[in-house]
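We use all heavy atoms of the structure for the numbers below, so side chains are in, but hydrogens, waters and symmetry mates are not. All of these numbers come straight from a predicted model, not from anything done at the bench.
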Amino acid sequence: MPETQDAVELPILDMSQPLDSSSLSSLSEACKTWGFFLITNHGISKDLYNRIHLLSNQLFSLPSDTKLELGPLSSLGTYTPHFIASPFFESLRVSGPNFLKSAQSSIDILLQKQNSEFSEAVQEYGKRMTKLSMKIIEILLVSLGDGFQKKYYESEFKNCHGYLRINNYSPPEGDEVEGLGMHTDMSCVTIVYQDEIGGLQVRSKEGKWMDIRPCEGTLVVNIGDMLQAWSNDKFRSSEHRVVLKRQVTRFSLAFFWCFEDEKIIMAPEEVVGEKNMRLYEPFVCLDYLKFRESNEKGRFEKVGYTVKDFAGI
Ligand SMILES: O=C(O)CCC(=O)C(=O)O
Ligand SMILES: [Fe+2]
C-alpha cells in the first residue's frame, strides 16, 4: 500500500452564511486542486447520523444469507457484499427521490417484522441531503462566474437525482489496509459523513496520499466525474480511497448527487471559456456509467479508466 503522508487543509464552507468573495475563491481553489471541501452548519444532526448508524448495524449484523437476498443477483440488488469492492467493505443502497419506499423495500426482505424506524431516518437524511446537494451545486456555479448559477442551474441541473450508500467496513486483523481502493465517483458531487475514525484519503496531483481528517460537525464534499467533464476541468474529480486501521470498525454514509441517465454531458461554451480548449466530447451519462461498469468487472468502484479515458479529447 502506498505510504500516507500529511493531512490536507480543506476550506470549510458555512452553509448558514451568505457567501463572501474570499470563501468563494478558496472554494474554487480547493475544487480545482483537490476536488474536496468541507461544509458546516449543514443541518444534519449527530442524532440523525447516530440513529442511522445504530439501525444499520442491526442490518449489517444479519446473517450473510439473509443479506444476500438483496445482493447483486437479486431483483433489488441494493446490497453489495464483502469481496466485491474489497474483503472489508459491504454496503446498502437507498435510492431517491422516495427514500422511504426504497429503504422499506430492502427492509421488507431483510426483516420479517415491520420496522419503519430505519426507513424514516433514512428518508429524513435523504431529504436533507437532496436540499444540501442542490445548494452545493448552486454555490459551485456561482464560483464559476457571474450569472452562471442563473443561467445553468435550471437548464442543466434540475433533473439531478440522489442515492445514499450506507457503508460498513469490517476491521482488519493486521496493519492498515485499503478498505476501498482508489477510485473517482461518477456523481456530480458526493457528500460523505465519515465517523470520527477517519481513514478517507485523497491523492494529490503528484500522486501523494493525504488524509482527510474528520472534523466534528463537518461533512466532506467531493466532486465527481460528471461535474469534472461538465465544467471542462474547472472542477477536479478527486481520486480517493479509504484506509482502515487495525481492529477498528468504520462506518460512513455517502450521498451521490447525479445527472439523469439520458442527459448529454457537454460543457457550455461559456464554461469552457473563449481561450480554452474543449476537453471532452459530449457523451450520454448512462454510457459512461456502463463504460465504468464494463471496465471494472468484479472490481466495484476501482478505477481502471475515468471520464478522461472515456470522453477526453
Ligand atoms: O467511506 C467513505 O468515507 C467514502 C466512501 C466512498 O468513497 C464511496 O462510497 O464512493
Ligand atoms: Fe467515493
Taking the six-membered ring for Trp, are [X] and [Y] parallel (under 30°), tilted (30 to 60°) or perpendicular (over 60°)?
X: F60; Y: Y79; value: tilted
X: F157; Y: Y153; value: parallel
X: F310; Y: Y288; value: tilted

Taking a hydrophobic cluster as the set of Ile, Leu, Val, Met, Phe, Trp and Tyr residues connected by side-chain heavy atoms closer than 4.5 Å, whether directly or through intermediates, do [X] and [Y] fall within one such cluster?
X: V177; Y: Y169; result: yes
X: L227; Y: L132; result: yes
X: V272; Y: L140; result: no
X: L54; Y: L92; result: no
X: I197; Y: F89; result: no

Between [X] and [Y], is any side-chain donor less than 3.5 angstrom from a side-chain acceptor?
X: D185; Y: H183; result: yes
X: S25; Y: S28; result: no
X: T184; Y: R292; result: yes
X: D14; Y: S16; result: yes
X: S23; Y: D20; result: yes
X: N276; Y: N232; result: no
X: T40; Y: T218; result: no
X: T33; Y: E29; result: yes

How far does CE of M129 sit from CD of E124, to the nearest 0.5 angstrom?
-> 11.0 Å
First locate atom CZ of F255, then atom CD1 of I44, and finally report the distance between them rounded to the nearest 0.5 Å.
-> 9.5 Å
Are F235 and W34 close enough that their ring centres sit under 6.0 Å apart?
->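 Centroid distance F235-W34: not below 6.0 Å, so no.
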Step through the shown structure and confirm whether more than 12 heavy atoms of other residues, nucleotides or ligands are within 6.0 Å of NZ on K263.
-> yes
Greater than 12 external heavy atoms within 6.0 Å of D146's CG |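 It does not: D146 CG has 12 such atoms or fewer within range.
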If I compare all heavy atoms of [X] with all of [Y], which pair ends up nearest, and what's the gap?
X: V248; Y: P172; result: O-CD, 4.3 Å
X: R93; Y: S95; result: NE-OG, 3.6 Å
X: A229; Y: F283; result: CB-CE2, 3.8 Å

Do [X] and [Y] have side-chain heavy atoms sitting under 4.5 Å apart?
X: M15; Y: K135; value: yes
X: E69; Y: S74; value: no
X: M266; Y: W230; value: no
X: L68; Y: P81; value: yes
X: I166; Y: F251; value: yes
X: V192; Y: L219; value: no

After noting the C-alpha distance and the side-chain angles of L180 and R241, does the key distance pass the side chain to side chain contact (heavy atoms under 4.5 Å, CB included) rule?
-> CA-CA 5 Å; L180 192 59; R241 67 174 182 179; 5.8 Å; no
Would you mind listing every ring-ring contact (aromatic ring centres under 6.0 Å, His included) that reaches into residues 186-208, with sequence neighbours excluded?
->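 Sorted pair list: Y49-Y193.
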Under a 4.0 Å N-O cut-off, is there an ion pair linking [X] with [Y]?
X: K308; Y: D225; value: no
X: E269; Y: R278; value: yes
X: K67; Y: E90; value: yes
X: E196; Y: K46; value: yes
X: K151; Y: E270; value: yes
X: R246; Y: E173; value: no

Sort out for me which residue in N168, N167, T80 forms a side chain to side chain donor-acceptor pair (under 3.5 Å) with S91.
-> N167
